[in-house]
Amino acid sequence: MALIVQKYGGTSVANLDRIQNVAKRIAKTYDKGHAVVVILSAMAGITDNLIDMAGNISQTPDKRELDVLLATGEQTTSALLAMTLKSMNYPAQSLLGHQAEVLTDQCHGNARILDIRAERIQELLQDRHIVVVAGFQGCDPNGNITTLGRGGSDTSAVAIAAALKADVCEIYTDVDGVYTADPNICPQARKLDAVSYDEMLNMASLGAKVLQIRSVGFAKKYNIPVHVRSSFSEEEGTMVVDENSGMERLVVSGVTHDKNQARITLKKVPDIPGIAAEIFTPVANAGIVVDMIIQNTRAEGQTDLTFTVPRADFKQALEMQTAIAKKIQAEDVFGDEKIAKVSVIGVGMKDHSGVASKMFNALAKESINIMMISTSEIRISCVIEEKYTELAVRVLHSAFGLDKNG
Ligand code: ASP
Ligand code: MG
């Protein structure tokens, strides 16, 4: 007998028929003798509707009240599911975030979970109840309702699984798992059986559509196996687990791409202490996240410095740098918005050499120029011209043996 946490996303509870379908799935798990805790999202589209409604009242609706409003989406589905289970003669009970004792900080709209006492859940489980918890919501130390940011019910599920020391956290969604690349641009992409926490964190661009990335950090910290799978089929999905749990350690398990990038170059910057700090401090103070940074040394005590920022922040960052360049007497500043970052990710890289050169060769064969390179223990990223993104993903996918027919 296991303790299983199941989370159902918005499309899985989008209407009463689907809630019925979810209830049947839960009943099946319960009938096997398992203890079941269910975490729910709001019905698909509901959170968006609520946000729109609030937006009609004010462009900056009061954050506390917005959370009270948004939490109703999950309150609705939790009640409906518990009701459905009870009508099928299963002992179920719904709990809202505060009743499940999900304690968060006070950051309305993007709160972080501080603690989950989960005593009430434990008691209900002991009485063989199916416990249905409204995801996405918690309460702060003053008892105010908070929400955990878009997609936050994934984090609710993993955090509750951690608090209960559950055997597994199953995330039911409308895709059947995590893929080796975005299937929309790479027809050869296939579903992965398993992926490690760190790979998943690095695959944010692939994985974020399936899992709120913050939930993966939680799963890693408390070593909770997460099973991402479809609520519309019986097929196994993708296990997100510790890399030493016996999963296959692929050298490359995924190829990601990110078009949300822009780069800025400062040319002939004086090569003296303090300059990098001058360049990046204002950027950081403006809350702009810098991803890659490259500095080349020229002769004559000068360097060129290039870095990337999210495309939405490009204009602001470029204006800042134009002013800074004058101040530090750099020769020129220019930027480029038509770039993309492609990355190969895999834990197996730790014990393999030649991965970078294989990547560079595969891109070279297609005459794709590499503008910037960065590496970490389990990832190699290249910045290329945006127009080559799709081609780059496909050739890398095939070069690293990931193609389903390969
Ligand atoms: N309903 C919330 C949202 O749409 C939370 C979730 O679905 O995870 O973002
Ligand atoms: Mg989601």
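First listed ligand is number 1; within each ligand, the first listed atom is number 1. We're numbering straight along the sequence, starting at 1.
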A.B. asks: In the protein, what heavy atom is nearest to atom 4 (O) of ligand 1, and what distance, to one decimal place, separates them?
C.D. replies: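 Protein heavy atom with the smallest distance to atom 4 (O) of ligand 1: Arg150 NH2, 2.9 Å.
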
A.B. asks: Taking both backbone and side-chain atoms of Gly151, is any N or O found less than 3.5 Å from an N or O belonging to ligand 1?
C.D. replies: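 So ligand 1 has an N or O lying under 3.5 Å from an N or O of Gly151.
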
A.B. asks: Do any side-chain atoms of residues 57-64 form donor-acceptor pairs under 3.5 angstrom with protein atoms, and if so which ones, sequence neighbours left out?
C.D. replies:
from  : atom 1 : to     : atom 2 : distance (Å)
Ser58 : OG     : Thr60  : N      : 2.9
Ser58 : OG     : Thr60  : O      : 3.2
Asp62 : OD2    : Arg64  : N      : 3.1
Asp62 : OD2    : Glu65  : N      : 3.1
Arg64 : NE     : Asn144 : OD1    : 2.9
Arg64 : NH2    : Asn144 : OD1    : 3.2

A.B. asks: Taking Arg150 as the fixed residue, which of Asn110, Leu70, Ile51 is the one that meets the side-chain contact (heavy atoms from CB on, under 4.5 Å) rule?
C.D. replies: Ile51

A.B. asks: Side chains of Val22 and Gln6: does their closest heavy-atom pair fall under 4.5 Å?
C.D. replies: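 In short, these two side chains do not touch, never coming nearer than 4.5 Å.
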
A.B. asks: For ligand 1, which atoms sit closer than 4.0 Å to a heavy atom of Glu74?
C.D. replies: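 Those of ligand 1 that fall under 4.0 Å from Glu74 are 1 (N), 2 (C), 5 (C).
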
A.B. asks: Could you tell me the residue and atom name of the protein heavy atom closest to atom 6 (C) of ligand 1, and the distance to it rounded to 0.1 Å?
C.D. replies: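 Of every protein heavy atom, Ser153 OG, 3.2 Å lies nearest to atom 6 (C) of ligand 1.
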
A.B. asks: Tell me the side chain to side chain donor-acceptor pair (under 3.5 Å) pairs involving residues 72-99, sequence neighbours left out?
C.D. replies: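 Sorted pair list: Asp31-Tyr90.
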
A.B. asks: Examine the side chains of Asn184 and Asp182 and answer whether a donor and an acceptor come within less than 3.5 Å of each other.
C.D. replies: yes

A.B. asks: Would you say Gly10 contacts ligand 1, with heavy atoms under 4.0 Å as the rule?
C.D. replies: no

A.B. asks: Please report which non-hydrogen protein atom sits nearest to atom 7 (O) of ligand 1, along with the residue it belongs to and the distance in Å to one decimal place.
C.D. replies: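 The closest heavy atom on the protein side is Ser41 OG, 3.0 Å.
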
